[in-house]
Amino acid sequence: NSKEFDRAIRYYKFLVLRSTDATERLLSQKQLIAIYFDHQMNYPQAVIEINKLITMLDDPKEKIEFKIKLARAYYYQNNFLQAENEIDEFLQKEQVGELKFDLLLLKANVNLAKKEVLKAIEILKSLLLNFPERANKENIGTTLSVCYEEQKDFKNALAVLAQIKSTHA
């Protein structure tokens with residue numbers, strides 16, 4: 001279905017450039033991102049399109065959501081430094097709200113990918129402490145246990161697993 005996506009891309013790019021309706025331009029830009037990021041997994045192009053969109057957005061929450069997507073696009077390209085920079089930039093802002101969990105989880109994953117397991121452990125522990133319900137749903141405890149195992153810290157790995165078991169009993 002690559003021809004269909006190519007046709008859609010041309011159409012949305014035309015709308016972004018030529019439409020007199022600001023809402024239509026914004027929605028078209030979002031569609032371009034969806035095609036590149038979600039369907040084609042063309043992360044370099046997604047980065048370009050997300051950066052264009054962020055300048056068009058007024059809603060701070062929406063900006064953060066697309067910044068997270070931008071950080072993920074860098075992460076998927078193994079550009080961990082840039083991914084972490086994007087995450088840190090938004091973690092310093094106060095209006096992060098409920099997206100803080102997503103940002104911190106992505107930062108933990110970036111640290112794991114960089115083999116900085118101790119940093120990842122600290123972030124995962126803070127997720128379990130500060131967002132217990134969401135952390136439970138996202139299996140953060142299991143990930144934390146695996147991190148401890150990688151560090152050969154079997155005592156803490158087993159303690160985390162025991163804690164998970166007690167909450168599921």
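Values reported hereafter were calculated over all heavy atoms of this structure, with side chains retained and with hydrogens, waters and symmetry mates removed. These figures come from a predicted structure and were not determined experimentally.
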Checklist entry - Sub-3.5 Å donor-acceptor pair from the side chain of Asn139 to the main-chain atoms of Thr142, do we have one? => result no
Item to check | No-hydrogen, no-angle side-chain donor-acceptor test under 3.5 Å, Asp153 and Asn156 | outcome: yes
Next on the checklist: If you compare all heavy atoms of Phe80 against all heavy atoms of Val110, which two are closest, and at what distance to 0.1 Å?
Outcome noted: O-CG1, 3.7 Å
Checklist entry - Do the ring centers of Tyr43 and Phe37 come within less than 6.0 Å of each other? => result yes
Next on the checklist: Between Leu128 and Gln163, is the side chain to side chain contact (heavy atoms under 4.5 Å, CB included) condition met? List the steps.
Outcome noted: CA-CA 11 Å; Leu128 281 167; Gln163 189 177 10; 5.6 Å; no
Next on the checklist: Which heavy atom of Ala71 sits nearest to which heavy atom of Leu106, and what is that distance?
Outcome noted: CB-CD2, 3.6 Å
Next on the checklist: Assess the residue pair Gln40 and Asp6 against the criterion (side chain to side chain contact (heavy atoms under 4.5 Å, CB included)); give the C-alpha distance rounded to whole Å, side-chain angles, the decisive distance to 0.1 Å, and a yes or no.
Outcome noted: CA-CA 10 Å; Gln40 293 186 332; Asp6 290 342; 4.0 Å; yes
Item to check | same_hphob_cluster(Leu70, Val16) at 4.5 Å side-chain heavy-atom cutoff | outcome: no
Checklist outcome for this item: Between Ile9 and Leu32 the two heavy atoms that sit nearest each other are O-CD2, 3.7 Å
Next on the checklist: Checking the side chain of Gln77 only, and the main-chain atoms of Ala73 only, is there a donor and an acceptor separated by less than 3.5 Å?
Outcome noted: yes
Checklist entry - Got Pro44 and Asn42 here, is their nearest side-chain heavy-atom distance under 4.5 Å? => result yes
Checklist entry - Should Leu81 and Ile123 be counted in the same cluster of Ile, Leu, Val, Met, Phe, Trp and Tyr side chains packed under 4.5 Å apart? => result no
Item to check | Met56 reachable from Leu27 in the ILVMFWY side-chain graph, under 4.5 Å edges | outcome: no
Checklist entry - Mind checking whether Leu103 and Asp88 have side chains closer than 4.5 Å, heavy atoms only? => result no
Item to check | Audit row: Glu65, Ile68, side chain to side chain contact (heavy atoms under 4.5 Å, CB included) steps and yes/no | outcome: CA-CA 5 Å; Glu65 288 171 3; Ile68 292 172; 5.6 Å; no
Item to check | Test: Arg134 and Glu138 ion pair at under 4.0 Å | outcome: yes
Item to check | Separation between CG of Leu26 and CG of Asp21, rounded to the nearest 0.5 Å | outcome: 10.0 Å
Item to check | CG-CD distance between Asp38 and Gln31, expressed to the nearest 0.5 angstrom | outcome: 10.0 Å
Next on the checklist: Measuring from atom CD of Glu149 to atom CG of Leu161, what distance do you get when rounded to the nearest 0.5 angstrom?
Outcome noted: 7.0 Å
Next on the checklist: One thing to verify: whether Lys119 and Glu122 come together as a salt bridge, which I'm taking to mean a side-chain N less than 4.0 angstrom from a carboxylate O.
Outcome noted: no
Next on the checklist: The test is salt bridge (charged side-chain N to carboxylate O under 4.0 Å, His left out); show your working for Glu49 and Lys30 and say whether it passes.
Outcome noted: CA-CA 8 Å; Glu49 300 303 334; Lys30 288 177 182 178; over 6 Å; no
Checklist outcome for this item: Here the pair of heavy atoms bringing Ala108 nearest to Ala120 is O-CB, 3.7 Å
Next on the checklist: Does Asp58 have more than 12 heavy atoms from other residues, nucleotides or ligands lying within 6.0 Å of its CG?
Outcome noted: no
Item to check | Beyond-backbone contact of Asn130 with Lys100, side-chain heavy atoms, under 4.5 angstrom | outcome: no
Checklist entry - Would you call Glu86 and Lys107 a salt bridge, taking side-chain N to carboxylate O under 4.0 Å as the test? => result no
Checklist entry - In this structure, are over 12 heavy atoms from other groups packed under 6.0 Å from Phe14 atom CZ? => result no
Next on the checklist: Show, in sequence, the C-alpha distance, side-chain angles and deciding distance for Tyr12 and Ile35, and conclude whether the side chain to side chain contact (heavy atoms under 4.5 Å, CB included) test is met.
Outcome noted: CA-CA 10 Å; Tyr12 290 126; Ile35 292 169; 4.0 Å; yes
Item to check | Spacing of CG belonging to Leu99 relative to NZ belonging to Lys63, to within rounding of 0.5 Å | outcome: 14.5 Å
Next on the checklist: Salt bridge or not between Lys69 and Asp102? Use side-chain N to carboxylate O under 4.0 Å.
Outcome noted: no
Checklist entry - In Å, rounded to the nearest 0.5 Å, how long is the span from OH of Tyr75 to NZ of Lys114? => result 12.0 Å
Next on the checklist: Do Phe101 and Leu144 sit in one hydrophobic cluster, given that two such residues count as connected whenever their side-chain heavy atoms are within less than 4.5 Å of each other, even indirectly?
Outcome noted: yes
Checklist entry - Does a side-chain heavy-atom distance below 4.5 Å link Leu104 with Ile87? => result no
Checklist entry - Ser28 pairs by side chain to side chain contact (heavy atoms under 4.5 Å, CB included) with which of Leu15, Ile33, Thr23? => result Leu15
Next on the checklist: Restricting to non-hydrogen atoms, name the atom on Ala135 and the atom on Leu127 that form the minimum distance, rounded to 0.1 Å.
Outcome noted: CB-O, 3.7 Å
Next on the checklist: Are Ile54 and Phe90 connected into the same hydrophobic cluster when the rule is that any two of I, L, V, M, F, W, Y join if their side-chain heavy atoms are below 4.5 Å apart?
Outcome noted: yes
Next on the checklist: Quick check on Phe154: does its CZ atom have over 12 non-hydrogen neighbours (other residues, nucleotides or ligands) under 6.0 Å away?
Outcome noted: yes
Checklist entry - How many angstroms lie between CD1 in Ile50 and OH in Tyr36, if you round to the nearest 0.5 Å? => result 12.0 Å
Checklist entry - Looking only at heavy atoms, which two atoms of Leu118 and Gln151 are closest? And how far apart? => result CD2-NE2, 3.6 Å
Next on the checklist: Quick check against the 3.5 Å criterion: does Thr55 have a side-chain atom that pairs as donor or acceptor with the backbone of Lys52?
Outcome noted: yes
